[in-house]
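Residue numbers start from 1 in every chain, and the chains themselves are labelled A, B, ... in the order their sequence lines are given, proteins ahead of strands.
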Amino acid sequence: MSLHLEHLNPEQLAAVTLPDEHALILAGAGSGKTRVLTTRIAWLIKGGRVSPAGILAVTFTNKAAREMLTRLTAMLPVNPRGMWMGTFHGLANRMLRAHHREARLPQSFQILDSQDQLAALKRLMKASGVDEDRFPPREVQWFINAQKEEGLRPGEVPLTDENVRRFVELYAAYDEQCQREGVVDFPELLLRSFELLSRNEILREHYAQRFSHILVDEFQDTNRLQYRWLKLFSSRHTSYFCVGDDDQSIYTFRGANVGNMADFERDFKVKHVVRLEQNYRSHGNILDAANALIANNRNRLGKNLWTAAGAGEPLRVFEGESDNDEARWLVEEVQALARDGTPLSHIAVLYRSNAQSRVVEHALFSQGIPYRVYGGLRFFERAEVKHALAYLRLLAFPDDDNAFLRVANFPPRGIGARTIEQLQDAAKQAGASLMKVADGSKALVFKKLIEELKSETANLPLPEVVEHVVARSGLIEHYKTEREGADRIQNLEELVNAAAAFTQEERETESGEAVDPLTAFLTHAALEAGEHQAGEGQEALQMMTVHSAKGLEFDAVFLTGLEEGLFPHEQSVNERDGLEEERRLAYVAITRARRRLYLSHAQTRMLHGQTRYNVASRFLEEIPNGLMKWLTPRFSRQRLVPDFSRSKDAFMMKRKEEGIGFRIGQNVTHPKFGTGVIVDAEGSGTEARVQVNFGAAGVKWLALAVAKLQAA
DNA sequence: TACTTTGTCCTTTTT
DNA sequence: GGACAAAGTA
């Protein structure tokens with residue numbers, strides 16, 4: 001058991017062995033951030049500076065928390081019990097369970113994931129007759145979460161206009177409903193525990209005394225509420241150790257505030273700022289490309305990665321005629337890499353948005369190359385699993401209306417929309433839950449079923465409870481009659497396994513507070529979406545969005561769809577600092593690659609059922625030419641016009657093109673906007689207008705009589 | 001009541 | 001192209 005301090009570089013060593021004072025570690029991509037964080041904890045404990053119980057370590061994902069714990073137990077044979085290590089939400093949950101009375105919550109309060117939250121909100125809006133066109137539930141959800149993440153309750157939101165006033169009303173009604181039903185959404189976990197501590201000085205003091213060392217990972221991704229939450233624990237002898245990289249801040253769209261890094265430095269008068277700039281991951285050319293790209297951003301703390309490894313290969317750039325062409329080429333390259341001995345699992349295909357994966361999947365499938373797509377539906381989010389969990393929730397907490405509505409009539413048992421409506425009216429009148437008013441109605445069958453399940457499983461261990469509920473609820477029977485039901489039944493069986501695995505884990509770590517096993521399992525299901533999908537560990541090509549690639553590394557990386565409008569995404573260009581975030585995203589993507597990086601774009605692409613004509617991304621031009629090797633002629637002048645003759649749009653297309661003198665798909669130049677592609681046309685003669693995608697300069701409608709357009 | 005068909009809308013995502 | 005909700009049919 002050794003910390004292997006001798007393997008650290010001078011900066012890493014300095015960070016690990018800092019005195020008990022506040023520190024900000026600016027850790028570039030691939031600079032050994034996790035290693036520094038875990039070694040720091042081990043060093044503190046080993047040196048007797050703190051006991052495990054004095055440590056509070058926060059991460060963003062369960063995966064990161066798990067990895068830290070594994071590495072730590074390898075370095076120190078210390079019982080992790082007593083150490084608080086986990087995600088913000090996991091830790092907030094732990095605190096709320098421990099002090100549920102003070103937080104005004106039932107002990108077995110249920111957690112709503114985003115899906116559940118949206119469903120609850122829709123239900124509320126329907127019941128109070130809110131026009132869903134004027135107030136789309138998604139926007140309301142977004143609004144509520146944004147307020148909570150700013151730490152604002154309904155009464156504290158500034159009412160800037162009539163619209164905001166309505167949103168706030170809905171926020172208040174929603175909060176009331178949650179309180180009544182004893183459920184808590186994700187941001188509420190944080191806000192509630194924040195309020196708990198800030199109102200209860202004795203409790204706050206207790207935790208502030210207890211945690212003398214607070215360590216935060218991915219600090220650039222914290223939002224304002226998380227920062228204030230962290231600050232609650234400060235006392236005279238608390239030291240904060242925050243690790244982050246402003247260049248990898250890619251979650252502003254959901255409230256992350258990079259400014260927290262600067263605020264932290266100022267608020268805590270941070271004396272130690274350590275920069276980790278040596279990269280141990282990528283070859284020189286890849287790193288140079290990343291550095292050159294990110295240098296175009298203005299709002300940076302500033303940092304330059306370097307590597308002791310050689311320059312390596314140039315970046316390979318490919319221009320496809322179409323998205324299919326791009327996919328075809330990609331598959332060939334993957335096959336070549338595999339032939340030369342690169343394991344498929346060490347190759348990643350990255351894209352900006354999930355919709356892009358389909359074409360690649362299709363090409364891979366037809367060539368029989370195994371692949372695994374990350375993201376999308378996770379285990380605990382699958383409909384059949386959520387159904388089973390709803391039954392379990394009702395056992396733990398019968399007043400959960402969300403769960404009630406989800407499965408009262410699933411599988412179908414004659415409880416229709418009318419019955420439900422009557423129940424809801426009765427519940428509203430009585431101020432009670434749906435389960436409580438089910439007696440005199442058709443829904444009584446359901447109530448009885450739940451009560452039977454409850455008594456039948458009262459003395460069973462958790463996995464058997466789950467097994468029994470899955471069988472007796474009728475879910476299995478129902479899916480047997482469905483065409484694609486076999487997979488779903490398999491997932492339900494997997495849920496029983498998950499319960500068994502969870503029970504086993506609990507027994508080993510014993511970190512949980514005194515909550516009943518069922519509630520603990522339901523909490524686990526809500527907080528941990530279940531990344532351990534089937535097929536994990538198999539030899540397969542890795543496919544994911546750039547966002548989900550953060551923190552990972554691969555021998556070879558394909559960064560696809562580098563087109564204006566796609567990456568950078570068209571909607572981000574209009575957002576404040578949106579372009580800089582897109583660039584950071586590209587930076588994250590590039591720095592995932594160890595040895596080989598492919599960049600590709602396509603001239604045409606099917607998106608949302610329409611063919612789009614895209615120009616190459618500006619990010620390609622921001623990478624120095626000397627680092628790249630073009631596999632196709634650069635921005636080929638003789639753009640191939642796709643063959644529309646067989647398409648059903650051909651007729652319309654021809655009519656549009658008549659009398660205009662340009663073709664759709666043709667390259668043109670404009671004295672002010674530069675080069676672009678014609679994407680649409682209308683009118684003819686002096687009325688004729690064409691729509692041109694100028695890439696960086698945007699998409700514009702131009703009257704041919706006025707604009708000086710030239711064929712390029 | 002339950003299942004099928006049609007019309008709308010599209011970033012990024014972890015908890 | 002696909003998810004989801006509302007409208008249509010047995």
**Q.** Partner residues of E195(A) under the side-chain hydrogen bond (donor to acceptor under 3.5 Å, both in side chains) criterion, sequence neighbours left out
**A.** R153(A)
Q: For Y587(A) and Q248(A), test the side chains for any donor-to-acceptor distance below 3.5 angstrom and give the result as yes or no.
A: no
**Q.** Atom pair distance, as rounded to whole Å: CD in Q571(A) and P in dC9(B)
**A.** 14 Å
Q.
So, does T419(A) get its side chain near the phosphate of dT1(B), meaning an N or O under 4.0 Å from OP1 or OP2?
A. yes
Q. Using a cut-off of 4.0 Å on non-hydrogen atoms, how would the nucleic acid contact of K550(A) be classed: base, sugar-phosphate, or nothing?
A. nothing
Q. Can you give the dot-bracket line for DNA chain B, where a pair is Watson-Crick or G-U wobble with both atom distances under 3.5 Å, crossing pairs use [ ], and | marks a partner on another strand?
A. ||||||||||.....
(Q) Counting the atoms with a prime plus P, OP1 and OP2 as sugar-phosphate, which does A526(A) contact under 4.0 Å by heavy atoms, base, sugar-phosphate, or nothing? (A) nothing
**Q.** Length of the CG-P vector between N409(A) and dT1(B), whole Å
**A.** 8 Å
**Q.** Under-4.0 Å side-chain N/O to phosphate OP1/OP2 contact, S548(A) with dT12(B)
**A.** no
Q) Between dT15(B), dT13(B), dT1(B), which nucleotide gets closest to the side-chain atoms of F253(A)? A) dT13(B)
Q: Between dT13(B), dC3(B), dT12(B), spot the one nearest the side chain of P412(A), thanks.
A: dC3(B)
Q. Looking at Y174(A), is R123(A) sitting on its ring face, NZ or CZ under 6.0 Å from the six-membered ring centre and within 45 degrees of the normal?
A. no
Q. Counting side-chain heavy atoms from CB outward, which of dA5(C), dT15(B), dT12(B) is closest to N354(A)?
A. dT12(B)
Q. Any ion pair linking R382(A) and D487(A) (charged N to carboxylate O, less than 4.0 Å)?
A. no
Q: Write down the distance separating the C1' atoms in dT12(B) and dA5(C), rounded off to the nearest Å.
A: 24 Å
**Q.** Nucleotide of dT11(B), dT15(B), dT14(B) approaching R378(A) most closely (side-chain heavy atoms)
**A.** dT14(B)
Q | Centroid distance under 5.5 Å and plane angle under 30°, F60(A) vs dT14(B) | A | no
Q | pi-stack flag for H547(A) and dT12(B), centroid dist under 5.5 Å, interplanar under 30° | A | no
Q: Give me the ring orientation class for H89(A) and F186(A): parallel if the planes are under 30° apart, tilted from 30 to 60°, perpendicular past 60°.
A: perpendicular
(Q) It should be established whether K63(A) places a side-chain nitrogen or oxygen under 4.0 Å from OP1 or OP2 of nucleotide dT15(B). (A) no
Q.
Please find the pair of heavy atoms, one from Q220(A) and one from D245(A), that lie closest to each other, and give the distance.
A. OE1-N, 3.0 Å
